[in-house]
2 protein chains.
Amino acid sequence: MNRKKPNTRIQQKNTATILEAALEVFSQFGFRGSTLDQISEAAGMSKPNLLYYFPSKEAIHATLLEELMETWLDPLHKLNADGEPRAEILDYVRRKLQMSRDFPRESRLFANEILQGAPRIGGAIQGELKDLVDEKSKVIEGWIEEGKIARVNPRHLLFSIWSLTQHYADFDVQVRMVLGGEHVDPFPDAEAFLDTLFTRLLDAHTA
Amino acid sequence: MNRKKPNTRIQQKNTATILEAALEVFSQFGFRGSTLDQISEAAGMSKPNLLYYFPSKEAIHATLLEELMETWLDPLHKLNADGEPRAEILDYVRRKLQMSRDFPRESRLFANEILQGAPRIGGAIQGELKDLVDEKSKVIEGWIEEGKIARVNPRHLLFSIWSLTQHYADFDVQVRMVLGGEHVDPFPDAEAFLDTLFTRLLDAHTA
DNA sequence: CGTGAGATTGACCGAATGGTCAAATAATTT
DNA sequence: AAATTATTTGACCATTCGGTCAATCTCACG
């Protein structure tokens with residue numbers, strides 16, 4: 001009766017396999033640039049079998065984006081108003097950078113969606129994300145008023161954290177090409193750089 | 001005889017119209033996600049007419065990317081080793097941000113290409129761009145050694161400038177949604193924020 | 001073992017895609 | 001104005017696309 005929840009082990013395994021393959025493909029080519037044949041090949045099963053587990057290409061994509069939004073908002077949720085301001089923000093930066101390292105495909109999936117005008121997650125952006133940003137901006141504003149961190153535009157501070165950290169996932173290819181060999185791991189240097197950057201930004205003339 | 005250069009006025013006008021339309025479409029949907037029908041409709045001419053001026057979909061895309069690379073490298077070229085370090089870098093940031101405001105589609109076209117693994121401009125990235133970055137990194141390194149700016153990783157400094165400025169073009173939709181109304185212009189605040197950010201980053205403990 | 005529900009796929013469909021071609025139209029030249 | 005050349009497009013083609021379907025295969029359970 002319930003068509004949505006995977007019940008048997010086979011169903012669980014296959015939906016997971018499909019979503020994994022779809023993430024690989026969608027994150028690289030975007031929704032319209034990806035084909036069910038690509039996904040089915042990546043998943044190692046026939047195209048009709050994909051559509052046995054998901055009603056359509058769009059349903060697969062939608063499921064991925066749904067899961068993504070949770071993962072995506074989580075690090076910001078953890079920004080604790082009662083914590084030590086500098087440490088809270090620097091930890092947030094580190095968590096976001098870690099996500100770029102560990103889940104680059106998710107980052108690219110998100111980037112693709114936004115690049116195309118957020119046609120499928122515009123609601124979540126204007127709703128959940130905006131609300132969360134409003135809330136956390138007030139927290140940051142409070143820290144500024146208390147003199148705990150230097151004065152900055154809170155919303156643009158968040159934008160800067162997103163862009164700087166996601167850059168290492170979304171533009172990974174460029175980063176590695178510019179740095180030289182492909183064997184190079186940019187992340188240690190990136191973390192050190194971002195640490196320095198945000199420390200200097202937030203500590204400025206805060207004795 | 002010469003099939004590459006637009007000679008007559010009609011040719012010049014039409015190739016320009018086509019490239020303009022193609023930029024609009026490719027920048028939103030990426031190469032594989034865009035269709036010749038979309039482009040021909042956006043250009044206000046028939047599909048066979050597109051292919052009268054360009055041999056293929058790929059040729060249109062390639063032409064756009066070629067033009068783009070010049071535009072893209074130009075601001076960094078202007079970073080002057082003999083100028084005042086802080087002003088040079090801040091001017092570079094402002095130029096890049098201005099490009100995000102004035103040429104957001106070019107930025108998205110570039111982002112799409114990199115997201116897909118830079119299959120068509122990988123060469124230019126490993127060649128021209130890497131060389132330019134190597135050169136300018138030495139300049140920045142020199143400024144650091146002279147004590148003109150605070151110590152930072154020059155390459156990651158450049159990455160940070162790219163990511164922060166391009167974010168306002170590539171993620172424009174998200175930025176506007178999070179900030180509230182669509183009538184809001186994020187750029188004045190963005191410029192002020194980036195000014196502050198890089199000033200604090202580069203001035204730190206440089207008496 | 002048998003059987004029936006669940007899982008899998010080859011063959012196929014209509015629509016869309018990149019691209020061709022011949023015929024028509026508009027400029028340009030003589 | 002006639003002839004030549006450049007431009008434009010409707011009709012078409014082969015391929016690929018998302019999706020369907022009927023026919024199989026598999027496997028848990030009696």
Side-chain angles (χ1 to χ4, degrees), chain A residues 1-65 112-113 116 119-120, chain B residues 1-65 112-113 116 119-120:
Chain A
M1 306 300 119
N2 194 332
R3 306 170 202 150
K4 287 184 182 178
K5 292 194 177 179
N7 302 314
T8 75
R9 285 155 209 176
I10 293 182
Q11 283 172 341
Q12 281 190 329
K13 194 196 68 178
N14 280 353
T15 52
T17 303
I18 291 169
L19 288 174
E20 154 70 25
L23 174 60
E24 185 72 27
V25 176
F26 281 137
S27 67
Q28 200 178 348
F29 302 108
F31 180 73
R32 294 184 47 171
S34 303
T35 72
L36 286 179
D37 287 303
Q38 279 179 285
I39 298 172
S40 71
E41 194 194 326
M45 66 180 75
S46 67
K47 186 169 60 174
N49 212 18
L50 290 192
L51 298 163
Y52 175 72
Y53 290 101
F54 291 90
S56 68
K57 177 186 175 184
E58 230 185 281
I60 302 176
H61 193 248
T63 303
L64 278 178
L65 285 181
N112 260 306
E113 176 67 12
Q116 291 174 19
R120 296 156 212 278
Chain B
M1 308 297 122
N2 193 333
R3 307 171 199 149
K4 287 182 181 179
K5 291 193 178 179
N7 302 317
T8 75
R9 285 153 209 176
I10 293 181
Q11 284 171 339
Q12 280 190 330
K13 194 196 67 177
N14 281 353
T15 51
T17 302
I18 292 169
L19 289 174
E20 155 69 26
L23 174 60
E24 185 73 27
V25 176
F26 280 137
S27 67
Q28 200 178 347
F29 301 108
F31 180 73
R32 296 184 47 171
S34 303
T35 73
L36 285 178
D37 287 303
Q38 279 179 286
I39 298 172
S40 70
E41 194 194 326
M45 66 181 72
S46 68
K47 186 168 59 174
N49 212 17
L50 290 192
L51 298 163
Y52 174 72
Y53 289 101
F54 291 90
S56 68
K57 178 186 174 184
E58 230 186 280
I60 302 176
H61 193 247
T63 303
L64 277 178
L65 284 181
N112 260 307
E113 176 67 10
Q116 291 173 21
R120 297 156 212 277

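Just so it is clear, the values below take in all heavy atoms, side chains as well, and ignore hydrogens, waters and symmetry mates. Chain A is the first sequence line, chain B the second, and so forth, proteins listed ahead of strands; every chain is numbered from 1. Bear in mind the structure is a predicted one, so any value in this text is a computation, not a measurement.
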Heavy atoms only: give me the nearest A/F29-A/S34 pair and the separation to one decimal. CB-OG, 3.6 Å
Checking the side chain of A/E113 only, and the main-chain atoms of A/R120 only, is there a donor and an acceptor separated by less than 3.5 Å? yes
How long is the line joining CG of A/L50 and P of D/dC17, in whole Å? 13 Å
Separation of A/F29 atom CZ from D/dC17 atom P, in whole Å? 11 Å
The side chain of A/M45 lies closest to which of these nucleotides: C/dT9, C/dT8, C/dT20? C/dT9
Per B/Y52 side chain, nearest of listed nucleotides C/dA11, D/dT9, D/dA6: D/dA6
Below 3.5 Å, does any donor atom in the side chain of A/K47 face an acceptor in the base of D/dG19, or the other way round? yes
Please give, in whole Å, the distance from C/dT17 C1' to B/E41 CD? 15 Å
Checking all strands, does A/L51 fall into the base, sugar-phosphate, or nothing category for heavy-atom contacts under 4.0 angstrom? base
Rounding to an integer number of Å, can you tell me how far A/F31 CZ sits from D/dG18 C1'? 10 Å
Out of D/dG18, C/dG19, C/dG10, which has the shortest distance to the side chain of A/K57? D/dG18
Keeping the roles fixed (side chain from A/K47, backbone from A/E41), state whether a donor-acceptor pair exists under 3.5 Å. no
What's the CD-C1' distance between A/Q11 and C/dT8, to the nearest Å? 13 Å
Nearest heavy-atom neighbours spanning B/L23 and B/L64: N-CD1, 3.6 Å
Taking 4.0 Å as the cut-off, does a side-chain nitrogen or oxygen of B/N14 come that near to OP1 or OP2 on D/dT8? yes
Under 4.0 Å, heavy atoms only, any strand: does A/S40 hit a base, just the sugar-phosphate, or nothing? nothing
Residue whose nearest DNA chain D nucleotide is more 5′ - A/T35 or A/P55: A/T35
Among D/dG19, D/dT9, D/dT7, the one nearest any side-chain atom of B/Y53 is D/dT7
Between atom CZ in B/R9 and atom C1' in C/dA27, what is the gap in whole Å? 12 Å
Please work out which of the three classes, parallel, tilted or perpendicular, describes the rings of B/F31 and B/F26, given edges at 30° and 60°. parallel
Rounded interatomic separation in angstrom, taking CD1 from B/I10 and C1' from C/dT25: 12 Å
Taking the side chain of A/L36 as its heavy atoms from C-beta onward, which of D/dG18, C/dC21, C/dT17 lies nearest to it? D/dG18
From CG of B/D37 over to C1' of C/dG19, roughly how many Å is that when rounded to an integer? 11 Å
When B/Q38 and A/P48 are each assigned the nearest nucleotide of DNA chain C, the 5'-most assignment goes to A/P48
Please report the closest heavy-atom contact between B/A42 and B/V25, naming both atoms and the distance. CB-CG2, 4.4 Å
B/N49, nearest nucleotide to its side chain (from C/dA7, D/dT8, C/dT9): D/dT8
DNA chain C: 5'-proximal contact among A/R32 and A/G44 (nearest heavy atom): A/G44
